[in-house]
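Just so we're on the same page: letters track the sequence lines, and every chain starts at 1.
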Amino acid sequence: MPELPEVEVVRRGLERWVCGRTVAAVDVLHPRAIRRHLAGPGDFAAQLVGRRLGAARRRGKYLWLPLETEGPTGPDRAILAHLGMSGQLLVQPHEAPDEKHLRIRIRFADDAGTELRFVDQRTFGGLSLHDTVPGDPEGLPDVIAHIARDPLDPAFDEAAFHAALRRRRTTIKRALLDQSLISGVGNIYADEALWRSRLHYDRPTATLTRPRSTELLTHIREVMNEALAVGGTSFDSLYVNVNGESGYFDRSLDAYGREDEPCRRCGTAMRRRPWMNRSSYFCPRCQRPPRPHAAS
DNA sequence: CAAGGCTCCTGATAGC
DNA sequence: TGCTATCAGGAGCCTT
């Protein structure tokens, strides 16, 4: 499932293969893939044709491709992409057969011989076009202005993150998955970082000391950077990078998906608990549940 | 406003 | 064999 490292791999692929190319034609093959573009598929295509794409950017799990400005008037625009659970952005030769779940095809006005394809089995992801936040140096699309900076962003505000954890009345894994507090962390890397930090997923955020939240952030960054170094995590063929190659980080996971397998620190059988309509994996010995306490 | 639950979707897999 | 139930889960939206 694409979380920050996987999305960053895709961003780099777009940077290499799509940046600077001019859109010639757009085919929307499934309306759900364009549902966040409220003006509809026809408008999406009409707005894109003839526009040159700028350098791909990313915040958390969101990607965007700025449209290079045509003239002095009008707001800057960008193609916003989210991969959802199963989305892929593939650069394919024109002659490659259509993927079973091909949703959007973008052709370019050059003779490079390749096109950009958005393929998505479960259709949680999609593309859309948006104005960018006025004056924002990164050209952040306005609809994701509420998404927090991610832990690999040099401008991520660690002190503010810690203060928010102390202020919130919630638990640590919920906070890690809240993209308005910290972005880019999904279920897999949350479990990995909590295991490395020996923190139980139900630990109230208000109990974390500054050293503990700093340590947690360090583990988040480490696990993400390790995944990035090997091209991301993939359990099946659903996630591939922009060239269609899978990542290999799943071989290095310490917590996620390891129910009944021995903890790599202490040997205790790892456990899985249903949690928020998904699962949490943890070591019952290294990651002790928080002590229940009376409400104050 | 914050917190937490619901919902969208398809395919693999388990169980009967 | 073939059916149904379950699970995977990001994030917008809704309720409390």
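- Comparing A/Arg35 and A/Lys100 by the nucleotide of DNA chain B whose heavy atom lies nearest to each, the residue mapping closer to the 5' end is A/Arg35.
- A/Arg167 comes within 4.0 angstrom of nothing in the nucleic acid, heavy atoms only.
- Nucleotide C/dG10 holds its P atom 9 Å from the CE atom of A/Met276, rounded to whole Å.
- Distance CG (A/Leu127) to P (C/dG10): 19 Å, rounded to an integer number of Å.
- Summarising the geometry, the separation between CZ on A/Arg59 and P on C/dA11 is reported as 14 Å, rounded to the nearest angstrom.
- Residues A/Glu192 and A/Arg196 are not paired through a salt bridge, judged by the lack of any N-O separation under 4.0 Å between the basic side chain and the carboxylate.
- Residue contacts for A/Asn277: at a heavy-atom cut-off of 4.0 Å it reaches a base atom on one of the strands shown.
- By the 6.0 Å and 45° rule, A/Arg265 stacks over the aromatic ring of A/Trp195.
- Here B/dG11 is the nucleotide among B/dG11, C/dA11, C/dA8 with the atom lying nearest to any side-chain atom of A/Gln121.
- Side-chain contact annotation: A/Lys173 with A/Ser280, donor-acceptor N/O pair under 3.5 Å present.
- Counting only N and O atoms by type, the side chains of A/Gln92 and A/Glu99 include a donor and acceptor under 3.5 Å apart.
- Rounded to an integer number of Å, the gap from NE2 of A/His82 to P of C/dG12 is 8 Å.
- Residue A/His30 is classed as having no contact, given no heavy-atom separation below 4.0 Å to the nucleic acid.
- Within the nucleic acid shown, A/Arg174 comes within 4.0 Å of sugar-phosphate atoms alone, with no base atom in reach, counting heavy atoms only.
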